[in-house]
Amino acid sequence: MNIAFDHMTLSQRVLFGTGKAVEHVTAAVEDLGARRLLLIHGTLNTQVVEAIAERTGVVHLIDEIVQHVPAANVAAATADAVAADADAVISIGGGSSTGLAKAVALRTGIPIIAVPTTFAGSEATDIWGITEGRRKNTGADPCVLPKVVVYDASLTSGLPRALAVASGLNAVAHAVDGLWAPRADPINRAFGTEGLRALVPGLRSLVANPDDIQAREQMLFGAYLAALAFASAGSGLHHKICHTLGGAFNLPHAEMHSILLPYVTDFNAPFARDAENRIVSALGCLSAAAGLNTLRNELGATPSLADIGLRETDIDNAAELALPLVPASNPRPVTLPDLRRIIRAAWAGEPILGAEQ
Ligand code: NAD
């Protein structure tokens, strides 16, 4: 088979080491020559936050983090950054903290040092998202790609099991959806496939033993690879539906991804044999969609969109909002009734038929 592609690799420094967040952030700040830091963080990992604030020149702290990055929070955080004359921003937290830092970077141009505490993977992408009203606007801009990412698996220890599972499956969704996304190519498929090979056993080990720090390291590593795949391949059908649901109905991001993925895979995989084979091989199952569904059940993930607050009466509206966003390159043509069926099945948590294990 001939190989031909056009691939863009994003450039950032990645420092990976358990228990080294403070040391690595301090090194990153020195490397960037930053003097006046804005620190955005969730209300977690207080000791690490305080140690970083002490050792770097933090001039302002923001700890009000709201999911899906509302425009009002962006305006307030940007005003804080400008008033404090910040020359870089550190974000410590999940995708919502990283997302707020990205929005500030988009408005001010200051660089980001990202310290992720979930497996959301936003730190590896140049994609920002800001929610205005019921709509989540997204875009890509080089200035929002964190200059440095600091991974410290010990910072994920506080993640409640349900959130760790949902977030891990969110990372799995980056890897899977990247396999058929508009700019899928052999390089990002390789990242996604290797990401799956780390994430699937990592998730199983983490659920079996939450104290297994190596499983958490594997999860962060896999989440990074999966996010690289997503950043380069772009948003596929799964992400387009999730963006719609997240923006219009304010559903929790990671859970929404974990619920929807097997249904989108069930729809696409028969038309994407290479993707099907890669997923099947990583999961050790006979069918990609059924295997993802089994994994989800085995991990005790939330079963349906109804469970996270989508109303049955919202399904038609969600399908209509998602339709114009469907990538033209999706391996299978998508109609409005298809979208209704996918969202309804996920809403009800219908079993996925097919060969399990
Ligand atoms: P989140 O950041 O909203 O965090 C979810 C919850 O977990 C919050 O209550 C948070 O305080 C808590 N939390 C985070 N880390 C914790 C820890 N270590 N211990 C205990 N609690 C912890 O959720 P998320 O799933 O990480 O991120 C979702 C957001 O990220 C969404 O807005 C999504 O759109 C965005 N995202 C963006 C990209 C991108 O490329 N731009 C990629 C993935 C996700």
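Start at 1 and go down the list; that is how both ligands and their atoms are numbered. The figures that follow rest on heavy atoms only: side chains count, while hydrogens, waters and symmetry mates do not.
Exactly one residue among Leu260, Leu245, Leu310 makes a side-chain contact (heavy atoms from CB on, under 4.5 Å) with Trp347. That residue is Leu310.
A donor-acceptor pair under 3.5 Å is absent between the side-chain atoms of Asn293 and the main chain of Pro262, judged by distance alone. Under a 3.5 Å cut-off, the side chain of His60 and the backbone N or O of Ala77 do not form any donor-acceptor pair. The backbone N or O of Ala254 sits nowhere less than 3.5 Å from a side-chain atom of Asn170 that would complete a donor-acceptor pair.
Atom CD of Glu320 is surrounded by more than 12 heavy atoms from other residues, nucleotides or ligands within 6.0 Å.
When distances from atom 8 (C) of ligand 1 to the protein are checked, no heavy atom turns up under 4.0 Å. Protein non-hydrogen atoms do reach within 4.0 Å of atom 11 (O) of ligand 1. Within a 4.0 Å radius of atom 4 (O) of ligand 1, the protein contributes no heavy atom.
Closest heavy-atom contact between Ser235 and Lys240: CB-CE, 3.7 Å. For the pair Ala153 and Thr18, the tightest heavy-atom approach, listed with the atom from each and the gap, is CB-OG1, 3.6 Å.
The shortest N or O to N or O distance between Leu155 and ligand 1 is under 3.5 Å. Among the atoms of Thr125, some N or O lies under 3.5 angstrom from an N or O of ligand 1. Residue Thr118 places at least one N or O, backbone or side chain, under 3.5 Å from an N or O of ligand 1. At least one N or O atom of Ser96 sits closer than 3.5 Å to an N or O atom of ligand 1. Considering backbone and side-chain atoms together, Thr117 places an N or O closer than 3.5 Å to an N or O of ligand 1. Between Val69 and ligand 1, no N or O atom pair is found at a separation short of 3.5 Å.
There is no side-chain donor-acceptor pair under 3.5 Å between Glu123 and Tyr224. A side-chain donor-acceptor contact under 3.5 Å links Thr335 and Asp338. Counting only N and O atoms by type, the side chains of Asn317 and Asp314 include no donor and acceptor under 3.5 Å apart.
Atoms of ligand 1 lying under 4.0 Å from any heavy atom of His68, numbered from 1 in the order shown and given with element: 32 (O). Here is the list of ligand 1 atoms found below 4.0 Å of a heavy atom in Gly94: 2 (O), 26 (O). Close approach to Ala120 involves these atoms of ligand 1, each under 4.0 Å from a residue heavy atom: 24 (P), 26 (O), 27 (O), 42 (C), 43 (C), 44 (C). Near Gly158, meaning under 4.0 Å from one of its heavy atoms, ligand 1 places the atoms 19 (N), 20 (C).
For atom 34 (O) of ligand 1, the nearest protein heavy atom (residue, atom name, distance) is Lys136 NZ, 2.6 Å. The protein heavy-atom contact nearest to atom 24 (P) of ligand 1 is Gly95 N, 3.5 Å. Of the protein's heavy atoms, Ile127 O, 2.9 Å lies nearest to atom 41 (N) of ligand 1. The protein non-hydrogen atom at the shortest distance from atom 38 (C) of ligand 1 is Ser122 CB, 3.4 Å. Here the protein heavy atom with the shortest distance to atom 25 (O) of ligand 1 is Ala254 CB, 3.8 Å. Considering only non-hydrogen protein atoms, atom 44 (C) of ligand 1 sits nearest to His253 NE2, 3.4 Å. For atom 13 (N) of ligand 1, the nearest non-hydrogen atom of the protein is Leu44 CD2, 3.8 Å.
Remark: distances from the non-hydrogen atoms of Leu163 to ligand 1 include one below 4.0 Å. Residue contact annotation: Lys102 has a non-hydrogen atom under 4.0 Å from ligand 1. Heavy-atom separations between Gly42 and ligand 1 are all 4.0 Å or longer.
Every pair tested for ring pair (Phe, Tyr, Trp, His ring centres under 6.0 Å) that includes a residue from residues 114-136 fails, sequence neighbours excluded, so the list is empty.
Using a 4.0 Å cut-off between a side-chain N of Lys or Arg and a carboxylate O of Asp or Glu, Lys102 and Asp126 do not qualify as a salt bridge. Classification of Arg55 and Glu23 as a salt-bridged pair fails, no side-chain N sitting under 4.0 Å from a carboxylate O.
Residue contacts with ligand 1, taken as heavy atom pairs separated by less than 4.0 Å, involve Gln67 solely via side-chain atoms from C-beta onward. Contacts of Leu159 with ligand 1, taken as heavy-atom pairs under 4.0 Å, involve both backbone and side chain.
Other members of the cluster containing Leu37 are Leu15, Val22, Val25, Val29, Leu32, Leu39, Val48, Val49, Ile52, Val58, Leu61, Ile90, Ile92, Ile113, Val115, Val148, Val150, Leu155, with ILVMFWY side chains joined at under 4.5 Å, either directly or via other members.
Between His257 and His239, the angle of the ring planes lies from 30° to 60°, which puts this pair in the tilted group.
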